[in-house]
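What follows is one structure encoded as structure tokens, with my remarks underneath.
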Protein chains: 2
Amino acid sequence: MPNTKARPRKMTEVARLAGVSLSTVSRALAGHSRISEQTRQRVREVAQNLGYQLDVSASNLRTGVTRTIAVVIPLSHATRQRLSDPFFLEMLGALADELTARGYGMLLRKVTQPPADWLSSLIRARRVDGVIVIGQSLHHDELDKAARAELPLVVWGSRLEGQHYVTVGSDNEAGALAATSHLIEQGCRRIVFLGDSEVPEVQARLRGYLAALESARIARGPGLELPVRFGSGASYERISALLHSQVPFDGVFACSDVIAMSAMRALSERGRRIPSDVAVVGFDDIPLAAFTTPPLSTVRQDHATGARSLVEKLLQIISGRRPESEVIPIELVVRASSLRHHHARADTDRRRRSRVSRASNAAVPR
Amino acid sequence: MPNTKARPRKMTEVARLAGVSLSTVSRALAGHSRISEQTRQRVREVAQNLGYQLDVSASNLRTGVTRTIAVVIPLSHATRQRLSDPFFLEMLGALADELTARGYGMLLRKVTQPPADWLSSLIRARRVDGVIVIGQSLHHDELDKAARAELPLVVWGSRLEGQHYVTVGSDNEAGALAATSHLIEQGCRRIVFLGDSEVPEVQARLRGYLAALESARIARGPGLELPVRFGSGASYERISALLHSQVPFDGVFACSDVIAMSAMRALSERGRRIPSDVAVVGFDDIPLAAFTTPPLSTVRQDHATGARSLVEKLLQIISGRRPESEVIPIELVVRASSLRHHHARADTDRRRRSRVSRASNAAVPR
DNA sequence: TGCGGCTGCGCAAACGTTTGCGCCATCAGC
DNA sequence: GCTGATGGCGCAAACGTTTGCGCAGCCGCA
């Protein structure tokens, strides 16, 4: 029965009880060098009975390795934004699973104002072995500088021209293209784009949106591209204002499900029916998206493989290799919020790297 | 300009350049002992220029203190549940703010199967100074054992009879009482309760629910208390089944907003109108609750003060004191999903420790 | 001048591991 | 029986801080 309350045991105690030297204990527990199976067993047993736990501080000091990764969530420094988008949570959960599976701890950090160089200070303080940044947000320059300084760093986000850091990210352009094409196929001609186009990820989505319009020979509508920050309720007001302004539109492509949901609220409050008057598609496929009324069509980000790839690449960087950035394919999930006609065949929309699936619960509303 | 790429500097280097001894540097940077203001300045300056960062591993080893707190999220070990409820994210964000404000790091951990004693091993390995557990879930015994072993531990959850660990939690009973009373006041007589009553928090909410029924002399309806786990889509199926079974009901009190939202989906799919046919109240007030259609009435948990209190109490425990458990007051937020009559005066419902407010965006649907 | 107290700083011993090196057996080959 | 190789383990030096103690100066007071 492992000891819990008393003072922590040290290796010397284990050594004494096992009748071997301290270094043998270290090697036996690490499974490292040439120790006979017999003594290894005995040492393990004694350690177990004593409730011995390796002191990670001492171990870190000696080895120079912390087996801890920092995960930082940069919030746009403009607004003191709350951490509220469920997408982050999904990503965090996936990262936590991936890291613990590989024996790493996860130090979570939320940053708003980058204090000159929180990135390098985390590493130089030997607090963590590497850093994963979720969302490049507006910190591109900072990240690039850090990567040039050889800091072990990977970023969830879009690949930009000439960047020095490694990114893993969804195929935002293809996702937006698929979503917008789908809306066009459903008969939409004036499609609102909701997203903050200063953020690189959103820029990519805007490109996909515009590409879809172009390939359908639809003109880019003035006043249809609305800047909306992630996570805020601003899209509600934007859409309300748009409705008030009498600018006509029949479709909405939102850069996150949260944005889409608040847009839907504004629409239904003003008496617009979804999808018959206005069809809506979101982005992320947060768990709640399947449970809105009507259920929300959306572009699913595969955070599980995203997280795995992030962690893999970071560990590669730590071990001295130079992995490539990666783009994760993305999947359009069609639900009722964008499905106008029973005969609409969503699965003809298979193009680019994106796959399209009709969700199982995509029942057409009454 | 702080050095970034090169090998980390050590204190001896700072000492040499500042023309003082190593111990003076340590004291000067810590602002500790009696060092003249002049040398303190010079040392700080040299350290700054050199881009010196204290090696936390070494510091931890010497002082025995990590200035890191583990935040663990126990997921019910029954289902390998995903981390998806936005409430967690709100809580995490608040905790992150509170901890970083006090100079602590936050080690995030997700546990499913408690491997005998992950709690004590975290501490004994000197990985963290203390542990915050979000949601006692089903781990009550484990937590109690850990607390009896004098581990620095606080838990977000309900206070139970004779427990040894310190909890901070919402006034679940009062919240449920307010929510249910509100539904009754809106004319509901057969109110469904959705929640997994094995979890202590939910048990408290069930008590509040029953108390409200009793004080209105409404009999506890058979088949109206439905077990639904947090975070799953099961409530959708439960409600669907209930509707199918012809058991009549006119109100729903759900133990989380996520559960409420999936219940609303089931209702509207089956043609029930909200709130006229069935009024719905949730729990948590996640940001999305204001943007469902109709906007969701809910019981707001104050995670900001909750987080502050959790951190304060944990630091007190670490410094050897014995704080009391605390119950955080809760607020009923009335929105359209439960507001049936224009004349209904929600604010007559002021009772117990809970406050009631009519939300600003509680407009009655057309 | 002598003495005690105070200020400002350096010496060196910890903190608990990991690991290069070296030592003692044992064993095979001649 | 001697030599060289090899397996199994111990010695002791790191890793980079923090901190008790001690030691110089200096000032004030007698």
Side-chain angles (χ1 to χ4, degrees), chain A residues 6-44 46-47 50-68 103 121-129, chain B residues 6-44 46-47 50-68 103 121-129:
Chain A
R7 133 198 77 81
R9 307 302 187 154
K10 311 192 238 170
M11 256 192 187
T12 50
E13 309 187 50
V14 180
R16 189 153 30 79
L17 265 87
V20 292
S21 84
L22 188 154
S23 29
T24 301
V25 174
S26 175
R27 287 193 258 252
L29 294 182
H32 228 7
S33 193
R34 312 167 308 187
I35 299 286
S36 75
E37 191 53 39
Q38 193 185 354
T39 47
R40 191 193 309 275
Q41 287 291 345
R42 197 179 48 220
V43 168
R44 289 235 165 102
V46 171
L50 224 49
Y52 170 77
Q53 277 283 343
L54 182 62
D55 183 319
V56 293
S57 296
S59 179
N60 290 350
L61 174 58
R62 180 57 228 242
T63 60
V65 162
T66 65
R67 288 195 83 82
T68 302
S121 76
L122 270 173
I123 306 282
R124 292 211 318 287
R126 275 222 215 311
R127 218 180 161 68
V128 296
D129 296 340
Chain B
R7 129 199 81 81
R9 309 299 188 156
K10 311 190 237 171
M11 255 192 188
T12 50
E13 309 188 50
V14 179
R16 189 153 28 78
L17 266 87
V20 292
S21 84
L22 187 152
S23 28
T24 300
V25 174
S26 174
R27 286 193 260 252
L29 293 181
H32 228 6
S33 194
R34 313 167 306 186
I35 300 286
S36 75
E37 192 52 38
Q38 194 184 355
T39 47
R40 192 193 308 275
Q41 288 291 346
R42 196 179 50 227
V43 168
R44 290 235 165 102
V46 171
L50 225 50
Y52 172 77
Q53 276 283 343
L54 181 63
D55 183 319
V56 294
S57 296
S59 179
N60 290 349
L61 173 58
R62 179 57 228 241
T63 61
V65 161
T66 65
R67 288 196 84 79
T68 302
S121 76
L122 269 172
I123 305 283
R124 292 209 319 286
R126 274 223 214 313
R127 217 179 161 71
V128 296
D129 295 340

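Since this is a predicted model, take the numbers as computed values, not measurements.
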* Structure fact -> Looking only at D:dT18, C:dT18, C:dC9, the nucleotide nearest the B:Ser59 side chain is D:dT18
* Any donor-acceptor N/O pair under 3.5 Å between D:dG10 base and A:Arg27 side chain -> yes
* To do: Tell me whether the OP1 or OP2 atom of C:dC9 has a side-chain N or O from B:Thr39 closer than 4.0 Å.
  => yes
* Quick one: do the B:Asp129 and B:Thr66 side chains pair a donor with an acceptor below 3.5 Å? -> yes
* More than 12 heavy atoms of other groups within 6.0 Å of B:Glu37 CD -> yes
* Side-chain donor/acceptor contact of B:Ser57 with base of D:dC15 under 3.5 Å -> no
* Flag, side chain of B:Arg126 to backbone of A:Asp55, donor-acceptor distance under 3.5 Å -> no
* To do: Could you tell me whether the side chain of A:Ser21 has a donor or acceptor atom within less than 3.5 Å of a complementary atom in the base of D:dC11?
  => no
* Exam field: side chain A:Arg9 to backbone A:Tyr52, donor-acceptor pair closer than 3.5 Å -> no
* Heavy-atom closest contact (A:Arg124 atom, B:Pro8 atom, distance) -> O-CB, 4.3 Å
* Structure fact -> Closest non-hydrogen atoms of A:Ala47 and A:Leu29, given as atom of the first, atom of the second and distance, are CB-CD2, 4.3 Å
* Asked: Do the side chains of A:Arg16 and A:Glu13 get nearer than 4.5 Å, heavy atoms only?
  -> yes
* Nearest-Å distance, CD (A:Gln38) to C1' (D:dC9)? -> 13 Å
* Axial bend angle, the helix from C:dT1-D:dA30 to C:dC30-D:dG1: five-pair end segments, nearest 10° -> 50°
* Asked: Starting at CG of B:Leu22 and ending at C1' of D:dC15, how long is that distance when rounded to a whole Å?
  -> 13 Å
* To do: Classify the side-chain pair A:Thr68/B:Arg127 by whether it contains a donor and acceptor separated by less than 3.5 Å.
  => yes
* Asked: Rounded to whole angstroms, how far apart are CZ on B:Arg9 and P on D:dT17?
  -> 13 Å
* Nearest whole angstrom, please: distance from the P of D:dA13 to the CG of A:Leu61. => 17 Å
* Asked: Do A:Met11 and A:Ser26 come close enough that some side-chain heavy atom pair is under 4.5 Å?
  -> yes
* **B:Asn60 side chain near B:Arg67 side chain, heavy-atom distance below 4.5 Å** => no
* Asked: Touch check for A:Leu54, heavy atoms < 4.0 angstrom, all strands: base, sugar-phosphate only, or nothing?
  -> sugar-phosphate
* When all nucleic acid strands are considered with a 4.0 Å heavy-atom cut-off, which category describes B:Ser26: base, sugar-phosphate, or nothing? -> base
* Structure fact -> Looking only at heavy atoms, the pair that brings B:Val43 and B:Ala18 closest together is CG2-CB, 4.2 Å
* Structure fact -> note: A:Arg124, atom CZ; D:dG16, atom P; distance rounded to Å ~ 15 Å
* Along DNA chain D (nearest heavy atom to each residue), the more 5'-positioned of A:Arg62 and B:Thr24 -> A:Arg62
* Short side-chain N/O contact to C:dC15 OP1/OP2 from B:Thr63, under 4.0 Å -> no
* Structure fact -> B:Gln53 CD to D:dG16 C1', in whole Å, measures 14 Å
Expected rows: protein N/O vs nucleotides 22-25 of chain C N/O, under 3.5 Å:
none

* Asked: Rounded to the nearest Å, what distance is computed from the CZ atom of residue A:Arg127 to the C1' atom of nucleotide D:dG16?
  -> 16 Å
* Integer-rounded Å distance: C:dA14 P and A:Asp55 CG -> 18 Å
* Structure fact -> Looking only at C:dG10, D:dA12, D:dG16, the nucleotide nearest the B:Lys10 side chain is D:dG16
* Asked: Is any side-chain nitrogen or oxygen of A:Tyr52 closer than 4.0 Å to OP1 or OP2 of C:dG16?
  -> no
* Quick one: is D:dG16 close enough that its OP1 or OP2 comes under 4.0 Å of any side-chain N or O from A:Arg126? -> yes
* Between B:Ser23 and D:dT19, is there a side-chain N or O to OP1/OP2 distance below 4.0 Å? -> no
